[in-house]
Amino acid sequence: MGTRLNGRTVFLVFSDVVSAYAALIIATVGTSQGDEIFATTDWVFLFGIVALVNLCVFSMLRMYNNLWEYASLNEALQVVAATLISVSVSASVHYIAGQRLPIRVYLLAWFVLLVLTGGSRFIFRYWRHGKRMIKQRPRLNSRRRTLVVGAGETGSLIINRMITGDYSVQGIPIACVDDDEAKLGMHIHNVRVVGSTDMILDLVKKLDIEQIVVAIPSATPEQRRRIYDICMKTDCRLLTLPNIRNIRMEDMGGVQLREVQLTDLLSRDEVVLDTLVVSGYLAHRTVLITGGGGSIGSELARQVAAIGVRELVIFDSYENSAHDLSQELSEHYPGLTVSVEIGSIRDTERLTRLFSKYQPDVVFHAAAHKHVPLMENNPREAIMNNVFGTLNVAEAAINFDAKRFIYISTDKAVNPTSVMGATKRMGEMIIQRFAEFSSTCFTAVRFGNVIGSNGSVLPTFQRQIAGGGPVTVTHPDISRYFMTIPEASRLVIQAGGMAKGGEIFILDMGEPVKIDDLARKLIRLSGMTPDDDIKIVYTGLRPGEKLYEELLMDTETTLQTSVSGIMVSTARPESSEAVISRLRALEDCLDKNNDEIIACLAQQVPTYTPTANGREKAGAVSAAAAATAADVAAATTATPTTITTPTGSTNRG
């Protein structure tokens with residue numbers, strides 16, 4: 001029957017044979033049938049039939065293959081079913097052999113057999129568990145004293161896994177806290193709920209707590225942030241569960257705890273995709289993502305792939321990241337056609353071949369130069385890529401009848417003080433201009449800093465902490481809006497489905513976060529103390545940087561959309577003629593020096609206020625602006641019918 005013969009099996013077989021005889025003896029005596037049965041029948045043979053049938057049934061049901069040291073309710077029900085079948089089959093055999101016993105004997109025998117066979121197995125369970133606990137006692141004493149936050153089902157599961165020696169959940173549960181007053185004073189697996197989350201700091205000191213496990217998956221983001229902020233004030237190791245939104249409760253036993261991450265401290269209610277809206281414009285379509293190998297582009301690709309598009313085209317100038325992404329998507333979505341194309345958005349001929357080959361229905365334009373200080377020293381490259389590169393992709397989308405074009409913008413485009421921000425604002429103008437006359441639906445999505453993206457502050461801080469510090473912060477009061485990469489990508493995809501043409505969608509990003517606080521939290525999460533273990537050094541604002549970011553320009557307000565947390569700007573777009581003039585003026589100044597290019601950019605993006613470029617004072621830029629004002633005046637007032645870009649001409653009629 002597939003039963004392995006070992007010491008445990010021999011013990012259980014012997015126990016079951018003895019139990020069968022004992023059950024029948026007790027049943028016959030207990031029903032006052034003993035004298036008659038023992039005197040008139042070969043009771044040893046008769047009872048032996050029951051023992052043999054019992055062994056066969058138990059073996060067929062693989063009762064000797066179970067690891068009874070881990071037995072639970074399912075195994076207990078299996079014992080009930082097996083003994084009931086065994087006694088029923090034995091009674092049938094007795095009936096056929098003409099050796100019938102009274103029904104009440106079989107009923108009592110079944111009950112006794114259930115108690116004896118079940119009892120032997122659970123005695124075995126606790127005996128083995130006790131041996132394991134004795135062996136592990138020295139290790140248990142070295143495990144961290146743990147406070148569990150959350151006395152619900154998840155907290156109960158975590159506590160149980162700790163006390164049963166599950167080393168994927170390290171710790172000794174000392175106490176539990178919960179904000180539900182009805183649970184105060186109750187016990188979970190002999191661990192007492194001692195108070196609310198407001199008492200965490202006092203309990204850590206009083207109970208000598210070394211580790212805190214946050215087990216409240218149903219809590220709101222605000223509740224979790226409050227609890228994390230309290231826990232961060234301790235020196236305890238801080239653990240939590242991974243995202244268990246899609247994990248069934250019966251599978252929770254295999255979920256491992258993980259260190260709390262910085263994204264946990266910044267998280268808020270996620271933007272949930274409206275599947276109907278999203279699939280309506282993406283499903284069974286060809287989707288092109290420029291900058292598809294970057295942080296935002298690659299996450300866009302992952303989420304678009306999951307929707308079920310016909311073909312996904314990744315276009316990037318950097319081959320390694322694009323190749324890695326295509327390999328990943330091919331493994332996870334074997335039925336999806338993934339194509340990788342290498343090239344630059346500044347190359348109009350390359351874009352023409354790209355669009356002609358794939359005829360994309362939807363374009364996500366994520367390609368851009370985004371590093372603020374670098375672009376201050378390279379304004380020509382920023383304009384060529386972020387302005388004229390965007391123009392090239394948008395024109396290709398129109399020429400090849402793309403249905404939708406979604407432009408990835410940034411909060412740095414709002415009242416910009418940097419070259420990068422000004423060029424992204426110019427990109428917004430281009431998108432809104434094309435939306436006025438094109439059959440392609442153009443829209444833009446504006447959001448704040450994407451934490452964890454390439455070049456963002458998080459990996460920089462992590463690298464500095466790993467190196468022993470110091471952590472460099474530009475200014476003690478500098479603040480930024482933050483969002484996660486998946487959240488930003490969902491916003492972009494959702495906006496694409498909501499767009500009618502010409503909108504700038506904005507995410508409600510809550511309150512801005514001070515970078516100094518961010519650095520200190522990350523140091524604490526690494527198990528160290530700010531200013532003591534890791535120094536924080538303030539280096540001063542970099543060229544082009546603001547002290548704080550904005551999501552709306554002075555002339556903008558917002559309207560709430562049908563999706564909670566997503567708003568749309570009410571700002572009026574610039575006229576088509578004005579945008580054409582600005583592009584022409586920018587093109588004419590590309591062969592000038594950096595200061596003159598920046599001055600020209602300031603002329604064409606009225607909300608742009610240049611700062612010092614790191615080599616010159618802001619006054620030098622202002623002087624250059626005055627010197628070039630006459631040169632650009634004619635270009636900004638003209639209304640040409642042709643835009644001549646550095647890479648070609650497009651007739652506008």
Side-chain angles (χ1 to χ4, degrees), residues 291 294-296 365-391 407-432 444-451 453-457 474-475 478-483 488 492 504-507 509 512 515 541-556 569 571 573-574 579 582-583 585-586 589-590 594-595 597-614 616 618 621-622 624-625:
S295 304
I296 295 297
H365 180 44
H369 288 327
K370 66 175 187 177
H371 295 288
V372 171
L374 286 179
M375 293 306 102
E376 291 300 299
N377 292 324
N378 297 275
R380 181 181 186 277
E381 299 306 307
I383 293 172
M384 289 285 291
N385 203 65
N386 295 359
V387 177
F388 291 110
T390 296
L391 177 66
Y407 173 70
I408 314 300
S409 189
T410 170
D411 58 359
K412 293 176 176 60
V414 179
N415 300 325
T417 59
S418 66
V419 168
M420 192 281 279
T423 57
K424 294 297 284 185
R425 173 57 190 148
M426 194 69 218
E428 291 181 351
M429 294 183 194
I430 293 171
I431 297 308
Q432 289 190 302
V445 184
R446 186 190 293 166
F447 47 74
N449 293 268
V450 180
I451 195 164
S453 63
N454 295 333
S456 70
V457 69
T474 57
H475 192 284
I478 192 170
S479 64
R480 292 291 183 266
Y481 292 99
F482 282 101
M483 65 194 311
V492 172
I504 298 177
F505 288 98
I506 303 167
L507 177 66
M509 302 194 66
I515 303 299
L541 291 177
R542 297 176 299 177
E545 272 194 329
K546 290 182 180 181
L547 196 59
Y548 59 91
E549 297 289 4
E550 304 163 273
L551 291 176
L552 294 172
M553 290 181 288
D554 296 336
T555 58
E556 284 183 306
S569 168
E574 292 234 353
V579 174
R582 296 185 190 287
L583 289 171
L586 284 176
C589 75
L590 287 176
N594 283 357
D595 289 339
I597 292 174
I598 291 174
C600 179
L601 184 62
Q603 289 281 338
Q604 307 317 315
V605 182
T607 56
Y608 171 36
T609 304
T611 60
N613 64 9
E616 305 285 341
V621 176
S622 299

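Quick note: residue numbers are just sequence positions, from 1.
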Audit row: Thr390, Ile431, side chain to side chain contact (heavy atoms under 4.5 Å, CB included) steps and yes/no: CA-CA 9 Å; Thr390 296; Ile431 297 308; 4.3 Å; yes
By side chain to side chain contact (heavy atoms under 4.5 Å, CB included) - contacts of Ala366 (at least two apart): Ile408
Taking every non-hydrogen atom, the tightest pair across Pro606 and Gln604: CD-O, 3.4 Å
N/O donor-acceptor pair under 3.5 Å between Tyr407 side chain and Gln432 backbone: no
Asn386 (side chain) donor-acceptor with Lys424 (main chain) under 3.5 angstrom: no
Distance in Å, Asn594 CG paired with Asn378 CG, rounded so as to fall on 0.5 Å steps: 7.0 Å
Polar side-chain atom of Arg446 near backbone of Ser409 as donor-acceptor pair, under 3.5 Å: no
Heavy-atom side-chain proximity of Tyr608 to Val419 below 4.5 angstrom: yes
Partner residues of Thr474 under the side chain to side chain contact (heavy atoms under 4.5 Å, CB included) criterion, sequence neighbours left out: Ile478, Thr539, Leu541, Arg542, Glu545
For Asn385, side chain to side chain contact (heavy atoms under 4.5 Å, CB included) partners two or more places apart: Ile345, Arg346, His369
Side chain Glu381, main chain Met375, donor-acceptor under 3.5 Å: no
Full working for side chain to side chain contact (heavy atoms under 4.5 Å, CB included) between Met426 and Leu583: CA-CA 9 Å; Met426 194 69 218; Leu583 289 171; 4.1 Å; yes
pair Asn415-Thr609: side-chain heavy atoms closer than 4.5 Å: no
Spacing of Arg425 atom CZ and Leu601 atom CG [to the nearest 0.5 Å]: 12.0 Å
Arg582 vs Glu574, side chain to side chain contact (heavy atoms under 4.5 Å, CB included): CA-CA, chis, key distance, verdict: CA-CA 10 Å; Arg582 296 185 190 287; Glu574 292 234 353; 3.0 Å; yes
Residues Thr410, Lys370; criterion side chain to side chain contact (heavy atoms under 4.5 Å, CB included); working and verdict: CA-CA 9 Å; Thr410 170; Lys370 66 175 187 177; over 6 Å; no
Contact summary for Ala602 and Pro610, nearest pair of heavy atoms: CB-CG, 3.8 Å
Cys589 SG to Gln603 CD distance, which is reported to the nearest 0.5 Å: 10.0 Å
